[in-house]
Novice: 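This is the structure I have questions about; it appears just below.
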There are 2 protein chains.
Amino acid sequence: MDQKMPTTTKKPPQKRLTRTRAALCSTLLTLLEEKALEQITVKEITARADIGYATFFRHYADKEELLHDLAAQEIRRLLTMTLPILYTEDTQASTQALCSYVWEHRVLWKALLTGGASATVKEEYLKQALDLAEDAPKAEAWLPAELAVTFAVTSALDILTWWLKQKKPMSNKEIAVILNRLAIAPVYQPQKTD
Amino acid sequence: MDQKMPTTTKKPPQKRLTRTRAALCSTLLTLLEEKALEQITVKEITARADIGYATFFRHYADKEELLHDLAAQEIRRLLTMTLPILYTEDTQASTQALCSYVWEHRVLWKALLTGGASATVKEEYLKQALDLAEDAPKAEAWLPAELAVTFAVTSALDILTWWLKQKKPMSNKEIAVILNRLAIAPVYQPQKTD
DNA sequence: CGTAAATGATATGCCGTGTATCAATAGTGG
DNA sequence: CCACTATTGATACACGGCATATCATTTACG
């Protein structure tokens with residue numbers, strides 16, 4: 001039962017492993033600012049990251065897995081921050097917080113949303129959002145709950161995408177007002193024009 | 001100077017050429033219902049279409065070109081029909097017409113929007129829409145014109161996508177009301193809640 | 001029928017993927 | 001500082017899809 005510990009306790013060092021993975025993620029992020037994932041070769045990634053070609057596959061089965069690893073955690077982080085929108089009545093404040101966060105991490109999110117991974121990122125984002133919002137309290141009678149989430153999430157992402165694409169982006173306060181008015185309030189705030 | 005007409009006027013028959021192209025388009029459409037474009041091989045397309053492999057490249061440079069040829073005309077058609085939204089004040093009627101048209105061609109548009117080409121189709125759709133809407137009269141002061149179009153188009157497409165994905169879709173009248181209320185009216189109709 | 005366009009079939013070179021192997025390096029524990 | 005092992009680098013390899021070229025065959029039109 002303890003064939004794994006002949007004499008000394010062997011603990012796998014994880015320093016280098018982590019460093020290589022970080023390098024791969026970082027490099028992919030850079031490349032995604034230029035072109036789509038399909039046009040990026042593993043050879044290209046490893047070359048820029050100064051890492052052996054074969055080493056790539058010791059960490060990830062393919063490009064897609066690397067992208068997923070890179071995006072999933074960032075999505076989860078942003079989504080967790082967006083979650084309060086479902087439970088508060090002051091959606092404007094939550095939306096403002098969302099835009100501030102995106103603006104602070106605009107390099108990352110510009111790459112994720114406007115780059116070659118946008119389709120995958122948006123798809124994964126919606127998927128996670130639908131999971132989290134499954135037991136949300138708010139829903140309007142005239143609007144199926146699932147469609148409400150789908151609309152709010154995809155619209156919000158599209159507005160953010162447009163925002164980050166601009167050469168001279170407006171302030172995060174300005175975009176937050178628009179985002180809340182177009183994508184959030186119509187779904188998650190009682191309408192006075194019924 | 002007239003080497004092109006030795007004796008008899010040679011007019012290229014186009015029957016077979018058109019037929020082959022139609023077969024390729026149709027086959028691609030079928031395959032797109034199952035999987036993404038990247039996972040579809042030219043070999044697969046030509047095999048199902050009962051067409052020689054090399055023949056494919058006599059018509060299209062690659063898969064992407066075939067998809068573009070297939071999607072562009074359909075997009076133009078639907079977009080032309082959507083255009084009145086920009087000029088009428090009764091957006092509900094135009095939206096209703098849009099949903100009716102999509103419902104009539106739901107097989108085609110389900111493949112285009114929910115299948116493996118969705119990203120390309122949506123991107124192309126937005127591109128064409130931005131061109132057409134460039135000299136549109138309507139714009140709200142608080143909302144940049146380009147963002148208005150981007151939001152309306154992408155939101156509408158996302159709502160339509162959700163609609164077509166449902167196993168038991170609601171009627172086109174129902175979805176038209178929602179679509180107009182969420183994506184069109186907030187942008188192209190005077191807001192009474194200002 | 002005869003002619004030219006269009007196709008089918010096949011061979012070929014190229015490139016990216018993913019695996020396997022083995023020598024070299026780096027980090028850990030003693 | 002010395003082992004010892006995880007991790008890496010480099011290379012070779014098989015596999016498959018892409019795209020082109022070639023030539024015989026078929027189709028369509030006059």
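Because only heavy atoms are used, hydrogens play no part in the values below, and waters and symmetry mates are left out as well, while side chains stay in.
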Novice: If I take atom CZ in residue F57(B) and atom P in nucleotide dA19(D), what distance separates them, rounded to the nearest angstrom?
Specialist: 5 Å
Novice: Hey, which of these two, A54(A) or K43(A), hits DNA chain C nearer its 5' end, going by closest nucleotide?
Specialist: K43(A)
Novice: Should R48(B) and E34(B) count as an ion pair when the cut-off is N to O under 4.0 Å?
Specialist: yes
Novice: Go through dC18(D), dT7(C), dG9(D) for me and flag the one nearest to the R58(A) side chain.
Specialist: dG9(D)
Novice: To the nearest Å, how far apart are I45(B) CD1 and dA19(D) P?
Specialist: 11 Å
Novice: Given atom CZ of R16(B) and atom C1' of dG8(C), what is their separation to the nearest angstrom?
Specialist: 10 Å
Novice: So with a 6.0 Å cut-off around NZ of K110(A), is the heavy-atom count from everything else above 12?
Specialist: no
Novice: Does T20(B) have a side-chain nitrogen or oxygen under 4.0 Å from the phosphate oxygens OP1 or OP2 of dT7(C)?
Specialist: yes
Novice: Please state how far atom CD in E38(A) lies from atom C1' in dT17(C), giving the value in whole angstrom units.
Specialist: 15 Å
Novice: Salt bridge or not between K63(B) and E44(B)? Use side-chain N to carboxylate O under 4.0 Å.
Specialist: no
Novice: Can you tell me the distance, in whole Å, between the CD1 atom of I51(A) and the P atom of dT7(D)?
Specialist: 14 Å
Novice: Is there a side-chain polar atom (N or O) of T55(A) under 4.0 Å from OP1 or OP2 of dG9(D)?
Specialist: yes
Novice: At under 4.0 Å, does any side-chain N or O of R19(A) touch on OP1 or OP2 of dG27(C)?
Specialist: yes
Novice: Would R21(B) and D69(B) pass as an ion pair if we require N to O under 4.0 Å?
Specialist: no
Novice: Heavy atoms under 4.0 Å, any strand shown: does F56(A) hit a base, just sugar-phosphate, or nothing?
Specialist: nothing
Novice: L17(B) has an atom CG; how far is it from atom C1' of dA5(C), in whole Å?
Specialist: 9 Å
Novice: NZ of K63(B) versus C1' of dG17(D): gap in Å, rounded?
Specialist: 8 Å
Novice: Do W109(B) and W103(B) make a side-chain contact, defined as non-hydrogen atoms from C-beta onward lying under 4.5 Å apart?
Specialist: no
Novice: Reading DNA chain D from 5' onward, which residue's closest nucleotide shows up sooner: I40(B) or D50(A)?
Specialist: D50(A)
Novice: Check the distance between dA9(C)'s P and Y53(B)'s OH and give it to me in whole angstrom.
Specialist: 14 Å
Novice: Does a side-chain N or O from H59(A) land closer than 4.0 Å to OP1 or OP2 of dT7(D), or not?
Specialist: no
